[in-house]
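Just below is one structure, and these are the notes that go with it.
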Amino acid sequence: MAKSILALENLVISYGGIEAVKGVSLSVNEGELISLIGSNGAGKTTTLKAIAGLLKPKSGKIFFQDSLSSGHCHELVQRGMALVPEGRGVFSRMTVIENLQMGAYLRKDDQIAEDMEKMFQYFPRIKERAGQLAGTLSGGEQQMLAIARALMSQPTLLLLDEPTMGLSPIMVETIFDVIRQVSKQGMTILLVEQNAKVALTISDRAYVMESGEMTMEGTGEDLGKDPRIQEAYLGA
Ligand SMILES: Nc1ncnc2c1ncn2[C@@H]1O[C@H](COP(=O)(O)OP(=O)(O)OP(=O)(O)O)[C@@H](O)[C@H]1O
Ligand SMILES: [Mg+2]
């Protein structure tokens with residue numbers, strides 16, 4: 001049996017009187033790369049925020065590594081959850097290096113310097129800017145740094161919210177390449193992505209969210225072939 005890292009059961013989340021997530025269930029097992037796709041306003045970010053303890057669900061359950069989630073962001077981080085939020089998730093007044101060190105601040109091992117080198121191999125662009133303040137990096141560079149910082153924490157579960165949004169094709173390719181590599185090395189990842197085509201290609205399984213509900217689930221391959229997905233997300 002695969003080990004469960006994350007399970008959502010009937011999650012309901014509302015903003016005031018408006019239900020943004022209406023009873024969503026989802027599971028992520030150890031080592032899986034799972035995509036969550038869906039159009040704007042479907043409730044993807046809301047779902048990720050609840051998983052990370054940034055929003056309190058109205059009802060439903062969230063299990064993280066087999067125990068009921070406390071819903072406290074700090075505790076979840078300590079237990080190995082890392083969220084790369086939508087948009088820029090860096091400390092802008094710290095340098096690139098300092099951002100990466102912050103990512104590793106809970107680690108007690110002696111591999112931190114090696115891992116930093118690894119990040120620079122993944123993202124040579126940020127190596128060239130190691131001493132620069134993160135706030136002065138381009139949007140794409142900040143996004144790469146945000147991902148690298150999350151990886152520096154060696155998370156048990158990596159949550160990525162639209163990591164390629166608004167980036168040039170080359171940067172998109174670099175980021176997907178790194179996601180693929182860390183996934184191959186065994187990292188457990190839940191990826192929210194607008195770029196359904198690539199997301200489905202690299203994912204083990206994917207979920208489709210529409211207006212707050214989970215409407216489809218399947219292997220990336222099967223969903224990619226589904227006419228409904230092709231019409232709605234793949235421009236066929
Ligand atoms: N802070 C908020 N207050 C009120 N409503 C909100 C808030 N944040 C999100 N919503 C609403 O909840 C719904 C889901 O939003 P959410 O950001 O989760 O969607 P999404 O799937 O991430 O969309 P996108 O692809 O555009 O990022 C939307 O209708 C949105 O308007
Ligand atoms: Mg979103």
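Start at 1 with the first residue, then count along the sequence. In listed order, ligands and their atoms are each counted from 1. These numbers come from a predicted model, not from an experiment.
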For [X] versus [Y], what's the shortest heavy-atom pair and its separation?
X	Y	answer
Asn29	Ser4	OD1-CA, 3.5 Å
Leu157	Leu190	CD1-N, 4.3 Å
Ala146	Val90	N-CG1, 3.8 Å

>> For atom 29 (O) of ligand 1, tell me which residue out of Ser211, Gly38, Gly87, Gly41 has the closest non-hydrogen atom.
In response: Gly41
Which ligand 1 atoms, with their elements, are less than 4.0 angstrom from a heavy-atom of [X]?
X	value
Glu86	27 (O)
Thr46	14 (C), 15 (O), 16 (P), 18 (O)
Ala20	12 (O), 13 (C)
Ala42	19 (O), 20 (P), 21 (O)
Gln194	25 (O)

Heavy atom of the protein closest to [atom] (residue, atom name, distance):
atom	answer
atom 25 (O) of ligand 1	Lys44 NZ, 2.8 Å
atom 19 (O) of ligand 1	Gly43 N, 3.3 Å
atom 24 (P) of ligand 1	Asn40 ND2, 3.6 Å
atom 9 (C) of ligand 1	Tyr15 CE1, 3.3 Å

> Is there any side-chain hydrogen bond (donor to acceptor under 3.5 Å, both in side chains) pair reaching into residues 160-173, and which pairs are they, with sequence neighbours excluded?
Replying inline: Thr45-Asp161, Glu162-Gln194, Thr164-Glu193
> Quick one: side-chain hydrogen bond (donor to acceptor under 3.5 Å, both in side chains) pairs with a partner in residues 48-64, sequence neighbours left out?
Replying inline: Glu19-Lys58
>> Check this for me - ligand 1, Thr45, N or O atoms closer than 3.5 angstrom, yes or no?
In response: yes
>> Within the structure, is a non-hydrogen atom of Lys49 found at a distance of less than 4.0 Å from ligand 1?
In response: no
> Is the distance from the Mg ion (ligand 2) to some N, O or S atom of Asn40 under 2.8 Å?
Replying inline: no
> Within Glu86, is some N, O or S atom less than 2.8 Å away from the Mg ion (ligand 2)?
Replying inline: yes
> At a non-hydrogen distance cut-off of under 4.0 Å, which region of Met209 contacts ligand 1 (side chain, backbone, both, or neither)?
Replying inline: neither
Within a 6.0 Å radius of atom [atom1] on [X], are there more than 12 heavy atoms belonging to other residues, nucleotides or ligands?
X	atom1	value
Glu221	CD	no
Leu68	CG	yes
Arg107	CZ	yes

>> With side-chain contact (heavy atoms from CB on, under 4.5 Å) as the criterion, how do Leu145 and Phe91 come out once you've worked through the C-alpha distance, each side chain's angles and the decisive distance to 0.1 Å?
In response: CA-CA 10 Å; Leu145 178 59; Phe91 299 116; over 6 Å; no
> If you measure from CE on Met81 to CG on Leu159, what distance do you get to the nearest 0.5 Å?
Replying inline: 6.0 Å
